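Computed from a prediction, not measured in an experiment: that's the story for all the values here. Just so you know, these numbers use all the heavy atoms, side chains as well, and skip hydrogens, waters and symmetry mates.
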Amino acid sequence: MKANKMVANHISSDLENMTLASLLEPFGGNDIFYRRLIKVFKKNLEPQLQNIELMISQKNIKELLRLVHTLKGSSGTTGLSSLYQYLCDLESKLAGLEAANEVDTLNSELGQQLRLVAQAEISSIDALLTTDEVNQSTETPSAVDYSVPELTLMLTELMQHLQDQNLKALHITLSLQNKLLGHAHLEHDLTVLCNAVEILDFETAQVALSSLSKKW
């Protein structure tokens with residue numbers, strides 16, 4: 001309990017200084033995209049936390065480091081700065097234990113502390129998004145002009161992110177959707193691609209992207 005209070009005090013200042021503008025800045029202020037991104041992150045967070053807690057209980061530090069590294073990447077991409085920094089520190093600590101062959105000293109409270117940080121930041125983000133809901137735009141997005149080299153680069157980059165199962169694929173998919181809006185012959189593949197990426201079905205997304213790439 002004492003450790004959990006220390007963690008809460010550590011992140012409180014970061015959460016107090018969080019604003020919607022700072023949260024959306026890395027995403028070009030795109031409120032709609034960020035809501036989609038955080039929804040995917042939250043959907044996958046609980047299974048990730050459960051797996052981390054299981055590896056802690058089993059003292060499987062190799063798999064634990066892999067899980068922490070993965071969650072660190074997705075939390076950084078999604079803009080959860082407090083969780084990201086906590087995971088950076090945790091990863092370094094775990095790597096030190098592994099190097100010193102001190103796996104048996106793994107603290108059973110690590111999982112609880114990590115969950116506390118994650119829940120606190122998610123709650124703060126949810127509060128900001130709820131407050132801003134009344135200001136959401138309901139306008140239909142307009143198609144964005146694109147050049148052939150630009151689109152080719154975007155398709156290549158997106159395929160790489162899909163193969164790496166990187167959440168950055170969400171951002172590029174949304175941009176691609178805006179650029180190709182109004183192209184009826186691409187509508188089916190775009191819909192399949194967007195739906196697959198949103199639920200992190202990267203295999204289906206790659207198939208849809210390959211099909212789309214042949215048609216545009």
Quiz item: Salt bridge between Glu46 and Arg115, side-chain N to carboxylate O under 4.0 Å?
Solution: yes
So, do [X] and [Y] sit near enough that their side-chain heavy atoms are less than 4.5 Å apart?
X: Met55; Y: Asn51; result: no
X: Arg35; Y: Lys39; result: no
X: Val103; Y: Glu98; result: no

Practice problem: Kindly indicate, with the supporting measurements, whether the criterion side chain to side chain contact (heavy atoms under 4.5 Å, CB included) is fulfilled by Ile125 and Phe41. | Solution: CA-CA 12 Å; Ile125 290 174; Phe41 179 83; over 6 Å; no
Exercise. Check step by step if side chain to side chain contact (heavy atoms under 4.5 Å, CB included) holds for Leu20 and Leu129.
Key: CA-CA 7 Å; Leu20 186 63; Leu129 293 175; 3.7 Å; yes
Quiz item: In this structure, are over 12 heavy atoms from other groups packed under 6.0 Å from Tyr34 atom OH?
Solution: yes
Quiz prompt | Glu203 atom CD: more than 12 heavy-atom contacts under 6.0 Å | solution = no
Closest non-hydrogen atom pair between [X] and [Y], with its separation:
X: Lys59; Y: Asp104; value: NZ-O, 3.5 Å
X: Glu53; Y: Gln112; value: OE2-N, 4.3 Å
X: Leu110; Y: Leu94; value: CD1-CD2, 4.3 Å
X: Glu121; Y: Gly79; value: OE2-O, 4.4 Å
X: Gly111; Y: Ile56; value: N-CD1, 3.5 Å
X: Ala205; Y: Ala196; value: N-CB, 3.7 Å

Partners of [X] by side chain to side chain donor-acceptor pair (under 3.5 Å), sequence neighbours excluded?
X: Glu63; answer: Arg66
X: Lys93; answer: none
X: Thr204; answer: Asp201

So how far is it from [X] [atom1] to [Y] [atom2], rounded to the nearest 0.5 Å?
X: Leu80; Y: Met18; atom1: CG; atom2: CE; value: 6.5 Å
X: Gln48; Y: Ser75; atom1: CD; atom2: OG; value: 9.0 Å
X: Thr105; Y: Ile61; atom1: OG1; atom2: CD1; value: 7.5 Å
X: Leu162; Y: Glu157; atom1: CG; atom2: CD; value: 11.0 Å
X: Leu90; Y: Leu114; atom1: CG; atom2: CG; value: 6.5 Å
X: Leu190; Y: His185; atom1: CG; atom2: NE2; value: 9.5 Å

Honestly curious: do [X] and [Y] fall in one hydrophobic cluster under the side-chain, below-4.5 Å linking rule?
X: Val192; Y: Leu209; answer: no
X: Leu23; Y: Tyr84; answer: no
X: Leu71; Y: Val40; answer: yes

Exercise. State whether the side chain of Ser211 and the backbone N or O of Ala208 hold a donor-acceptor pair below 3.5 Å, judged by distance alone.
Key: no
Quiz prompt | Thr78 vs Leu83, side chain to side chain contact (heavy atoms under 4.5 Å, CB included): CA-CA, chis, key distance, verdict | solution = CA-CA 10 Å; Thr78 314; Leu83 179 58; over 6 Å; no
Self-check item: CA sep, side-chain torsions, deciding dist, call: Leu64, Leu106, side chain to side chain contact (heavy atoms under 4.5 Å, CB included)
Solution: CA-CA 11 Å; Leu64 178 56; Leu106 270 178; 4.2 Å; yes
